[in-house]
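Here's the structure we're looking at; comments come further down.
Numbering starts at 1 and runs along the sequence shown. Just follow the structure's listing: the first ligand is 1, and inside any ligand the first atom is 1.
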Amino acid sequence: MKKTPTRLADGRELIYYDSADAVVRDAVDPRPLEPVATTTEIRFDRLLGDSVAIASHRQGRTYHPPADQCPLCPSREGWQTEIPAADYEVVVFENRFPSLTGDKGRCEVVCFTSDHDASFASLTPDAARLVLDAWTDRTRELSQLPGIVQVYPFENRGEEIGVTLGHPHGQIYGYPFVTPRTALMLRSLAEHRATTGRNLFDDVLADERADGSRIVLAGEHWTAFVPYAAHWPYEVHLYPNRRVPDLLGLDEDARAEFPHIYLELLRRFDRIFGDDQPPTPYISGWHQAPFTAADRREFALHLELFTIRRTSGKLKFLAGSESGMGVFVNDVPPEAAALRLREVATP
Ligand SMILES: [Zn+2]
C-alpha cells in the first residue's frame, strides 16, 4: 500500500491510499475554499452521564446533490470535487462539515472507490482489502492525535439511514471520550472477569460457536453470528477468532481473509428481502478498544452490521420504547434472522 498525504485548499488533510507504489499523486486543489468556521460544543448530560456534540455549522452541508455534482467523485474538467485527482482508489479526508472538531475529536470521510455507482458489496476483494488497510492506518494515525480516545470507522448505507451522498463512502469518528456503548462493554467485561476469571468476549464467541444456531458464516479466521439478544431485525457481529483490541492487532492471515467474509456478508444483506427489493440499508461499524482503557488488551475488536429494514418496504423505527426508554423490541427472532442469512448464501 502506498500512502500520499496532501492538503485541500482550506487546509484540511487528504490522504490517498493506493495499491501500487508507482502511483504519483500531485494534483493540487484549485478551489477558492475558505475554511468552514467550525464550532463543536460537547455538552455533558448530567442525568444520563453521556455527552452530546452540538455542531450548528452542519446545517449548511451538501444534501442529495445530483450525480453529476457529486463532491466525492474524482475531479474533471469543469467540476472540482473534494478529491483533486482525476481518479483514485481509496481516499480519506477531513470532513468539511464535521460533528467533532479540533480538540473535541475528528471526523473523516473515506471514499471506498472512485466509481459513483458502486457499493462496498460490489468491490473486489483487493479493493476491500485496501479499505481495511486504510481503516487500520487511520486508527494508528488518529491514536497519535492529542485528545482522541476512541476511533470508530463506520458506513451508513442507504437514504433510509439518512445518507445524503450516494457515492460509496464511510466515515471515521475520532472521539475525545469513551463512547457510552463501549463503556457498557468495558463494565460487563470487568464484571465477568471479576466473577469468572475469564474474558467475556472469548466466552461469547465460544458459546456462539458451540451453539451454532445463530452462526451466519464461519471462516478460518473470522466468525459472524447474530447475537443472542439482537437489538435489530437483522444484525450480525463479526469477530476475528483470535482476539485483538483493535485493527492494528490483526495479523496477515486475518487481514487476508476479511474481504471475502465481509463482502459475502454484505451481499447476503442485499438478498435478505428478495431480489426485487432496493439495496438493503445498513449501518456497519468497527468497535475498537479505547486508547485510554486500562484493560484495553481485554477488549475484542469486532464489527457490528445491522439493517433498520424489518420486512419488505417496512423500516424499524426507534419509537417510544426504544427512543424513550432504550428498550428495543425486535420482531425477528435472532435464530430466524441467522437462518435467513444462511439461506441467502452465495451459491
Ligand atoms: Zn460520486
Does the cation-pi check pass for Arg25 over Tyr16, that is, NZ or CZ under 6.0 Å from the six-membered ring centre and within 45° of its axis?
yes
Suppose we call two aromatic rings close when their centres sit under 6.0 Å apart. Are Phe258 and Trp222 close by that rule?
yes
List in chain and number order the residues that pass side-chain hydrogen bond (donor to acceptor under 3.5 Å, both in side chains) with Lys104, two or more places apart in sequence or in another chain; answer none if no residue qualifies.
none
Under 2.8 Å from the Zn ion (ligand 1), which protein N/O/S atoms are there?
Cys70 SG, Cys73 SG, His116 ND1, His167 ND1
For the residue pair Arg309 and Phe273, would you count it as a cation-pi contact if the rule is NZ or CZ under 6.0 angstrom from the ring centre and within 45 degrees of the ring axis?
yes
Residues Arg106, Glu108: salt bridge by 4.0 Å N-O rule:
yes
Does any part of the side chain of Arg96, heavy atoms only, come nearer than 4.5 Å to the side chain of Leu33, both counted from C-beta?
yes
